[in-house]
Number of protein chains: 2
Amino acid sequence: MRFSAQVFVTLKPTVNDPQGNAVLGGLHALGFESVETVRVGKYLTLTLDAIGESAAKEQVDSMCERLLANTVIESYEVEIESA
Amino acid sequence: MRFSAQVFVTLKPTVNDPQGNAVLGGLHALGFESVETVRVGKYLTLTLDAIGESAAKEQVDSMCERLLANTVIESYEVEIESA
């Protein structure tokens, strides 16, 4: 069966986010003064073959641990749906 | 009122995604042969003040048009919830 996976990789809350701070500064400079915080992460969409939804979830979790996220400073969330 | 916004910025489907292709190659090299496609996008989380949810949505849409997304090659989605 084919599944599509959405992966959200975000910096852990205690980790400084210079990219987010730069975006925040840019938004303020454009007049969007109401913005208080910005955090920037990654959003990956994958399609994969697996025997079932839980097998797909397990595979994508493993991909996150090994390549997609740096788990020292980042956390990830995975959502699977059949495609 | 304070709102939190999730912004998903993705390359349009017809646009080539070299970063996604590199990740796909990396996953195959690690033995994840079942992965067929990978697309890489951005995931931003913002907190902002606005008078209501629709005003917040309007502001964040405007931020996407002006700074967060390059609408020539990228599309974006915004989700607002009260924080």
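Worth saying up front: this structure is predicted, and the values here are computed from it rather than measured. Letters A, B, ... mirror the listed sequences (proteins, then strands); counts begin at 1. These numbers come from the heavy atoms of this one structure, side chains and all, not from hydrogens, waters or symmetry mates.
B:Val15 and B:Phe8 end up in different hydrophobic clusters when Ile, Leu, Val, Met, Phe, Trp and Tyr side chains are linked at under 4.5 Å. Under the 4.5 Å side-chain contact rule for hydrophobic residues, B:Leu68 and B:Phe3 share a cluster. Tracing side-chain contacts under 4.5 Å through hydrophobic residues (I, L, V, M, F, W, Y), one reaches A:Val72 starting from A:Leu11; they form part of the same cluster. No chain of hydrophobic side-chain contacts below 4.5 Å, direct or via other Ile, Leu, Val, Met, Phe, Trp or Tyr residues, connects A:Val9 to A:Val40.
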Tell me which donor-acceptor pairs, judged by distance alone and kept under 3.5 Å, run between chain B and chain A, one pair per line.
residue : atom : partner : partner atom : Å
B:Arg2  : NE   : A:Glu36 : OE1          : 2.9
B:Arg2  : NH2  : A:Glu36 : OE1          : 2.7
B:Ser34 : O    : A:Asp49 : N            : 3.1
B:Ser34 : OG   : A:Gln59 : OE1          : 2.6
B:Glu36 : N    : A:Thr47 : O            : 2.8
B:Glu36 : OE1  : A:Arg2  : NE           : 3.0
B:Glu36 : OE1  : A:Arg2  : NH2          : 2.7
B:Thr37 : N    : A:Thr47 : OG1          : 3.2
B:Thr37 : O    : A:Thr47 : N            : 3.0
B:Thr37 : OG1  : A:Thr47 : OG1          : 2.5
B:Arg39 : N    : A:Thr45 : O            : 2.9
B:Arg39 : O    : A:Thr45 : N            : 2.9
B:Gly41 : N    : A:Tyr43 : O            : 2.6
B:Gly41 : O    : A:Tyr43 : N            : 3.0
B:Tyr43 : N    : A:Gly41 : O            : 3.0
B:Tyr43 : O    : A:Gly41 : N            : 2.6
B:Thr45 : N    : A:Arg39 : O            : 2.9
B:Thr45 : O    : A:Arg39 : N            : 2.9
B:Thr47 : N    : A:Thr37 : O            : 3.0
B:Thr47 : O    : A:Glu36 : N            : 2.7
B:Thr47 : OG1  : A:Thr37 : N            : 3.2
B:Thr47 : OG1  : A:Thr37 : OG1          : 2.5
B:Asp49 : N    : A:Ser34 : O            : 3.0
B:Gln59 : OE1  : A:Ser34 : OG           : 2.6

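The side chain to side chain contact (heavy atoms under 4.5 Å, CB included) test with B:Met63 is passed by exactly one of A:Val38, A:Leu27, A:Val23: A:Leu27.
Interface remark: of the candidates B:Val60, B:Val7, B:Leu30, B:Leu30 forms the most heavy-atom pairs closer than 4.5 Å to chain A.
Atom-to-atom distance recorded for B:Leu24:CG and A:Leu46:CG is 8.5 Å, nearest 0.5 angstrom.
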